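Reviewing the structure listed below.
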Amino acid sequence: MHPFLEIHRDLPREAPGSAESTLKALALVTPYLPASPAILDIGCGPGAQTVELAKATGARVTAIDIHEPFLEVLRERARAAGLADRIEAVQESMFAMQFLDASFDLLWAEGSIYIRGFEQGLIEWRHLLKSGGCFALTELSWLTKSPPAQAREFWEEQYPQMRSVEESLRLIQGLEYTLLGHFTLPERDWWEGYYSPLEKRVAALREAHRDDPQWREALATEQ
């Protein structure tokens, strides 16, 4: 198995978040959705938020990700929750989605739009929304005007288009979306379901593969 997939296998999440934050964001758009909306979850990972969306809305949710092992976890979660008939997990790239125009009432990109790029995703995926549809997402953002030098240097390499919250909100409105609301994920959303399980996995694999240069490099990147 490729190191990335082994490192991330069966982790609860592939991005910061929580059921509480998913439902808080959903509440902002629910008044604008039909009773049984069609939802597209873009870059769903193992699908913790996918299941929450299906449970909370009665929707049919199409969830896409490029990694089949993540989709298998989602399918099992859907079966365990009794939602297998309303969640469709599809192996597909967010860079080349094949859905028809105006197919969905809600686009959901929780911890994933940065892969395509915030502005690019807002522009390129809009055609998938029905008239009056909604787009909910999380986006990496600067919360301070003076971040530590090490943090700034890291993100200038990893995600150079990262903006402040205010800049992102102006961009949304400049693209003629109507802003319904926004909030910052709490610190616990980064640690409880994301960083802490990943940190434990990296430590265990570092011991198991201490003599393998490829693994040492992959684990250093994850760290």
Side-chain angles (χ1 to χ4, degrees), residues 4-5 7-30 33 37 39-57 59 61-67 69-78 80-81 83 86-90 94 104 106-118 121-122 125 134-143 151 154-155 158-159 161-165 168-169 172 179-202 222-223:
F4 173 85
L5 292 175
I7 293 167
H8 289 262
R9 177 175 54 85
D10 298 332
L11 292 178
R13 289 183 172 273
E14 284 300 308
S18 64
E20 293 77 13
S21 291
T22 294
L23 296 176
K24 183 177 180 179
L26 181 62
L28 295 173
V29 299
T30 297
L33 299 177
I39 300 176
L40 176 63
D41 188 358
I42 302 170
C44 63
Q49 74 289 337
T50 318
V51 172
E52 292 298 331
L53 292 172
K55 286 196 297 187
T57 62
V61 185
T62 303
I64 70 162
D65 201 279
I66 197 65
H67 296 298
F70 294 161
L71 297 174
E72 284 299 322
V73 173
L74 170 55
R75 293 183 187 111
E76 179 53 40
R77 281 176 159 170
L83 297 168
R86 291 200 287 112
I87 294 176
E88 182 182 12
V90 180
M94 67 175 67
F104 300 99
L106 174 60
L107 303 183
W108 197 271
E110 188 169 338
S112 63
I113 197 170
Y114 82 95
I115 297 169
R116 182 65 193 97
F118 180 59
L122 287 170
W125 301 341
C134 298
F135 196 154
L137 56 93
T138 54
E139 168 66 351
L140 287 161
S141 304
W142 291 115
L143 302 181
F154 176 84
W155 288 112
Q158 297 294 326
Y159 192 45
Q161 60 267 52
M162 187 166 154
R163 302 169 175 84
S164 68
V165 174
S168 291
L169 297 181
I172 289 169
L179 183 66
L180 301 178
H182 69 94
F183 60 93
T184 300
L185 291 180
E187 188 172 330
R188 66 178 180 274
D189 278 14
W190 288 84
W191 286 101
E192 291 180 6
Y194 183 46
Y195 277 157
S196 293
L198 183 57
E199 199 167 43
K200 291 177 183 177
R201 177 67 54 78
V202 166
E222 288 291 338
Q223 187 70 57

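Here the structure is a predicted model, which is why all the values come from computation and not from measurement.
One distance of note links OG of Ser196 with CZ of Arg201; it measures 13.5 Å at 0.5 Å rounding. Rounding to the nearest 0.5 angstrom, the gap separating the CD atom in Glu88 from the CD1 atom in Ile39 is 14.0 Å. Annotation: the span from Gln49 atom CD to Glu14 atom CD amounts to 10.5 Å, rounded to 0.5 Å. Atom CG of Leu106 sits about 5.5 Å away from atom CG of Leu33, to the nearest 0.5 Å. Atom CG of Leu140 sits about 10.5 Å away from atom CD of Gln158, to the nearest 0.5 Å. One distance of note links CZ of Arg9 with NE2 of His67; it measures 15.0 Å at 0.5 Å rounding.
Contact detail for Ala56 and Leu23: the closest heavy-atom pair is CB-CD2, 3.7 Å. Taking every heavy atom of both residues into account, Leu26 and Trp108 meet most closely at N-CH2, 3.6 Å. Ile87 and Ala78 make their closest contact through CD1-CB, 3.9 Å (heavy atoms, listed as atom of the first residue, atom of the second, distance). Of all heavy-atom pairs between Met94 and Trp125, the closest is O-NE1, 3.4 Å. Ala59 and Pro37 get closest at one heavy-atom pair: CB-O, 2.9 Å. Taking both residues in full, the closest heavy atoms of Asp189 and Leu185 are given as OD2-CD2, 3.5 Å, listed atom of the first, atom of the second, then distance.
Checked by atom type and distance alone, the side chain of Ser141 never pairs as donor or acceptor with a backbone atom of Ser164 at under 3.5 Å. Using a distance-only test at 3.5 Å, with no hydrogens or angles considered, a donor-acceptor pair links the side chain of Ser112 to the main chain of Ile42. At least one donor-acceptor pair closer than 3.5 Å links the side chain of Arg75 to the backbone N or O of Ala89.
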- Task: Verify side chain to side chain contact (heavy atoms under 4.5 Å, CB included) between Arg86 and Val61, making sure each step is shown before the conclusion.
- Result: CA-CA 6 Å; Arg86 291 200 287 112; Val61 185; 5.8 Å; no

- Could you check Phe183 against Lys24 for side chain to side chain contact (heavy atoms under 4.5 Å, CB included), going step by step and ending with a plain yes or no? CA-CA 9 Å; Phe183 60 93; Lys24 183 177 180 179; 3.7 Å; yes

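Between the side chains of Thr22 and Glu110, a donor-acceptor pair is found at a separation under 3.5 Å.
In this structure, Trp155 has its ring center no closer than 6.0 Å to that of Tyr159.
At most 12 heavy atoms of other shown residues, nucleotides or ligands fall within 6.0 angstrom of atom CD in Glu187.
Counting heavy atoms from C-beta on, the side chains of Leu180 and Cys134 come closer than 4.5 Å. Between Phe118 and Gln161, the closest side-chain pair of non-hydrogen atoms is not below 4.5 Å. When side chains are defined from C-beta on, Leu11 does not count as touching Tyr194, because their heavy atoms never get closer than 4.5 Å. Within the 4.5 Å cutoff, side-chain heavy atoms of Leu122 are placed close to those of Phe135. Residues Val51 and Leu74 are in side-chain contact: their nearest non-hydrogen atoms beyond the backbone lie under 4.5 Å apart. No side-chain heavy atom of Met162 sits under 4.5 Å from any side-chain heavy atom of Glu139. Contact check for Val165 versus Leu143: side-chain heavy atoms found under the 4.5 Å cut-off. Side-chain contact check for Ser21 versus Pro186: some heavy-atom pair is nearer than 4.5 Å.
Exactly one of Leu71, Asp65, Ile64 qualifies for a side-chain contact (heavy atoms from CB on, under 4.5 Å) with Val90. That residue is Ile64.
Aromatic ring orientation, Tyr195 versus Trp191: perpendicular (interplanar angle above 60°, classes split at 30° and 60°).
Partners of His8 according to the ring pair (Phe, Tyr, Trp, His ring centres under 6.0 Å) rule, which considers only residues two or more places apart in sequence or in another chain, are Phe4.
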